[in-house]
Amino acid sequence: MAEHASMRSDDPFEMDEDPLQEAADVEARFYAQGYDDGHAHGRLHGLFEGRQLGKEKAFELWEEVGFYEGSAMFWMKRLGGGGDKSNGSKSKEARALTHAKTLYEMIQGLPTSNPSPESGNPPSAAETDMDASANVDSAVTVADQGGDFDLPSLVSAIRAKYRLLCASLGIRPRLVAGSASIRSRSEGAEEDPPFDSAEMQVEGIEGPMKGVDTSKLRF
Amino acid sequence: MEEDDDWLNDESGQSYRHQGGAADPLVDAEWNRLATRYSDAGYREGITDGKLATLQQGFDQGFNSSVLASRRLGQLRGRANGLLSFLLKTDIPAQNGSSSADPARVDLTISNVREFVRLLGNVKRDDILPLDTERLEHERNEHPDQDHAFEFERNDKRDMEGLEDAMRAVSSGGDIVGPRPETRKENTDSARDASSLDALERQLIQLEAAIIGDHQI
């Protein structure tokens with residue numbers, strides 16, 4: 001589309017040399033004018049929609065991770081105080097405390113900003129010639145390749161550690177199925193594909209929950 | 001007689017002077033048609049490209065601005081859930097021995113915590129995350145007649161959220177067909193105040209102090 005934009009900057013002197021040139025370019029001028037207006041409006045919409053998607057994604061990820069963190073905090077506080085425990089339960093609780101501490105530390109290591117390598121950089125001019133879906137795909141690929149760390153596997157490890165903590169305490173873990181629906185979404189979904197396997201795993205462990213948002217049931 | 005005249009004859013008819021000239025209404029119509037057609041085509045392409053140019057930037061902004069509050073809500077839920085699990089799994093009468101083991105009181109405590117967990121569960125994403133004021137302004141100014149200027153791809157989660165919003169509106173005596181966007185924004189603001197995370201945290205701290213203090217082991 002760069003060529004359309006460039007048509008606007010036609011040299012006025014050239015126009016003088018060829019009076020018909022203006023008439024010949026009239027479609028291109030209209031197109032370029034429309035393109036510029038649309039681009040300006042589209043940039044705003046892209047920003048707004050991107051923000052909304054980012055909010056959804058951040059909430060989905062960090063509400064879950066925050067839940068694990070809160071659980072770890074509670075049990076660290078609760079078990080870390082010591083007290084008059086019987087010897088039998090002491091070692092069990094010490095194990096649970098270790099799990100809670102490890103879980104808490106793992107969460108502290110999780111990045112709190114979006115790990116997108118192209119943060120703030122709009123797609124290059126070459127990308128703008130592609131159609132919408134191709135563009136999103138390429139963005140996802142770039143994000144997948146460029147990350148310094150493997151966020152999905154970190155999250156999976158955190159989930160596993162949380163379940164371990166629950167098992168050691170003998171309490172029911174929170175079911176995680178609410179984010180399974182992100183599979184159908186393509187926009188801005190850098191971490192989506194690896195998440196799927198984790199969600200499937202949880203589904204397998206926790207039993208059938210198709211069509212039911214079990215996280216909503218717990219709260 | 002006049003109709004048989006040479007159309008090039010200046011004197012014969014008005015059509016010669018108008019056809020294709022500046023005063024010909026067809027020329028204006030054609031000009032407008034061209035302008036609309038090509039501007040619209042350009043606009044469509046431009047808006048798509050413009051969107052793609054800033055989508056990632058917006059995503060990062062939205063993500064970064066939402067992590068803190070989301071994490072905090074998650075923490076509160078995790079702590080409250082831990083408290084409930086602790087109460088449910090702890091055999092309080094046996095542990096505490098005699099005096100303070102009042103089953104009725106324990107039941108009351110459990111139901112208090114359950115109620116608090118339910119309260120936390122009712123907090124929605126939009127209640128705690130910052131509003132995109134630029135977007136609201138843009139919607140008001142540029143798309144005042146559209147309920148949803150921003151179309152998002154439908155998925156189960158968004159459908160569920162829409163359903164929850166509708167249910168909330170119905171249960172609070174709201175409009176059955178769903179709140180208008182303006183109403184929704186007002187609701188969001190009031191919910192934001194009512195379910196302030198600070199207030200919830202204070203409540204949780206009180207519960208924790210009451211329960212853990214009571215059953216110090």
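Predicted, not measured: the structure shown is a model, and the values here were computed from it. A, B, ... follow the sequence lines: proteins, then strands. Residue 1 opens every chain.
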query: In terms of heavy-atom contacts, does CG of B:Leu68 have more than 12 from other residues, nucleotides or ligands at under 6.0 Å?
result: no
- prompt: Which distance, rounded to the nearest 0.5 Å, do you find between the CZ of A:Phe59 and the CG of B:Leu129?
  reply: 6.5 Å
statement: The residue among A:Gln52, A:Lys55, A:Arg51 that forms side-chain hydrogen bond (donor to acceptor under 3.5 Å, both in side chains) with B:Asp132 is A:Arg51
message: Please report the interatomic distance CD(B:Gln75) to CD(A:Glu69), rounded to the nearest 0.5 Å.
response: 4.0 Å
task: Answer with side chain, backbone, both or neither: which region of B:Leu83 has an atom nearer than 4.5 Å to a non-hydrogen atom of chain A?
output: both
query: Would you call B:Arg71 and A:Thr112 a side-chain contact if the rule is heavy atoms closer than 4.5 Å?
result: yes
task: Of all the heavy-atom pairs spanning A:Arg29 and B:Trp31, show the shortest one and how long it is.
output: NH2-CH2, 4.3 Å
field: A:Glu63 with B:Arg77: basic N within carboxylate O range, under 4.0 Å
entry: yes
Heavy-atom pair of closest approach, residues A:His39 and B:Gly50: CD2-N, 3.5 Å
task: Please report the closest heavy-atom contact between A:Leu47 and B:Thr54, naming both atoms and the distance.
output: N-OG1, 3.2 Å
field: Spacing of CG belonging to B:Asn32 relative to CZ belonging to A:Phe30, to within rounding of 0.5 Å
entry: 8.0 Å
query: Atom CG in B:Leu88, atom CD1 in A:Ile171: separation rounded to 0.5 Å?
result: 10.0 Å
query: Out of curiosity, B:Gln61 CD to A:Phe48 CZ, how far, rounded to the nearest 0.5 Å?
result: 10.0 Å
task: For each of B:Asp40, B:Ile47, B:Leu76, tally heavy-atom pairs with chain A at distances under 4.5 Å, and name the one with the top tally.
output: B:Ile47
- prompt: Is the centre of the A:Trp62 ring less than 6.0 Å from the centre of the B:Phe63 ring?
  reply: no
query: Do you know the tightest heavy-atom contact between A:Phe74 and B:Glu208?
result: CD1-OE2, 3.9 Å
- prompt: Between B:Ala80, B:Gly62, B:Ala69, B:Ser65, which shows the greatest number of heavy-atom pairs under 4.5 Å with chain A?
  reply: B:Gly62
task: With rounding to the nearest 0.5 Å, note down the distance linking OG in B:Ser66 to NZ in A:Lys57.
output: 13.0 Å
task: Looking only at non-hydrogen atoms, find the nearest pair between B:Tyr38 and A:Glu27 and report the distance.
output: CE1-CG, 3.2 Å
query: Parallel under 30°, tilted from 30 to 60°, perpendicular over 60°: which one fits the rings of A:Trp75 and B:Phe86?
result: perpendicular
